[in-house]
Amino acid sequence: MAGIKALVGLSFTGAIGLTFLLLGCALEHYGVYWPMFVLIFYLLSPIPTFISRRLTDESESSSACRELAYFLTTGIVVSAFGLPIILARKGVILWGACGLVMTGNAVIFLTIFGFFVVFGGDDDFSWEQW
């Protein structure tokens with residue numbers, strides 16, 4: 001039952017993060033939907049970790065595959081935070097929208113991290129069942 005509660009909590013925080021992203025785009029004062037491109041980064045960020053967990057052995061303390069996955073994930077996350085800043089500096093979006101998108105980024109990436117913490121272990125209720 002603890003796994004279901006964690007899943008509901010993660011989905012709730014994910015919804016909050018997406019709400020911040022949509023507020024940064026859809027409020028009448030901002031009205032520009034260019035920050036929605038960070039959704040691509042949300043989809044790409046867990047892929048290297050999924051691949052490295054499938055290909056490496058958990059008994060190893062470190063492996064090149066896992067380190068490369070961490071490096072690629074870090075690059076994707078930094079790019080997701082950099083895109084709204086660049087858009088705001090170029091005047092495409094306003095700084096308030098940039099702040100809302102950055103808040104949404106933080107919440108979404110913490111949700112993704114929480115997913116790996118909760119469902120990353122080798123217990124009966126893991127993400128590999130889905």
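Numbering starts at 1 and runs along the sequence shown.
- Following chains of ILVMFWY side-chain contacts shorter than 4.5 Å, one cannot reach W95 starting from L87, and the two form parts of different hydrophobic clusters.
- Counted within 6.0 Å of CZ on F81, heavy atoms from surrounding residues, nucleotides or ligands total more than 12; the atom is thus considered enclosed.
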Discussion item. Go through it in stages, so that I can follow the logic: the residues are S45 and I112, the test is side-chain contact (heavy atoms from CB on, under 4.5 Å), and I'd like the CA-CA distance, side-chain angles, deciding distance and then a yes or no.
Written reply: CA-CA 9 Å; S45 65; I112 293 170; 3.5 Å; yes
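- F41 and V107 are not part of a single hydrophobic cluster, where members link through side-chain heavy atoms under 4.5 Å apart.
- Side-chain contact between P84 and P35 is absent, with no heavy atoms from C-beta onward closer than 4.5 Å.
- Scanning for ring pair (Phe, Tyr, Trp, His ring centres under 6.0 Å) contacts around Y33 gives an empty result, with sequence neighbours left out.
- Minimum heavy-atom separation, G75 to S79: O-OG, 2.8 Å.
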Determine all donor-acceptor pairs shorter than 3.5 Å in which one atom belongs to a side chain in residues 9-32; sequence neighbours excluded.
| residue | atom | partner | partner atom | Å |
| --- | --- | --- | --- | --- |
| S11 | OG | L7 | O | 3.3 |
| S11 | OG | V8 | O | 2.8 |
| T13 | OG1 | G9 | O | 3.3 |
| T13 | OG1 | L10 | O | 2.9 |
| T13 | OG1 | T111 | OG1 | 3.0 |
| T19 | OG1 | A15 | O | 2.7 |

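- Nearest approach of C98 to A88, heavy atoms of both residues: CB-CB, 3.9 Å.
- A donor and an acceptor atom, one from each side chain of T56 and R66, are located under 3.5 Å apart.
- Among residues two or more places apart in sequence or in another chain, the ring pair (Phe, Tyr, Trp, His ring centres under 6.0 Å) test is passed with W34 by F37.
- Qualifying side-chain contact (heavy atoms from CB on, under 4.5 Å) partners for P48, counting only residues two or more places apart in sequence or in other chains: A69, L72, T73, I76.
- Cluster membership check: I85 shares its hydrophobic cluster with V38, using side-chain heavy-atom separations under 4.5 Å among Ile, Leu, Val, Met, Phe, Trp and Tyr.
- When the side chains of ILVMFWY residues are joined at heavy-atom separations under 4.5 Å, either directly or via intervening members, I40 and V101 end up in a single hydrophobic cluster.
- Judged as a side chain to side chain donor-acceptor pair (under 3.5 Å), the pairs with a partner in residues 100-110 (not counting sequence neighbours) are, in order, Y42-N105.
- When hydrophobic clusters are built by joining Ile, Leu, Val, Met, Phe, Trp and Tyr residues whose side-chain heavy atoms come closer than 4.5 Å, directly or via intermediates, V78 is not grouped with F116.
- Put simply, CG on L110 and CZ on F115 are 15.5 Å apart, with the number rounded to the nearest 0.5 Å.
- In this view, I47 and L44, I51 satisfy the side-chain contact (heavy atoms from CB on, under 4.5 Å) rule, not counting sequence neighbours.
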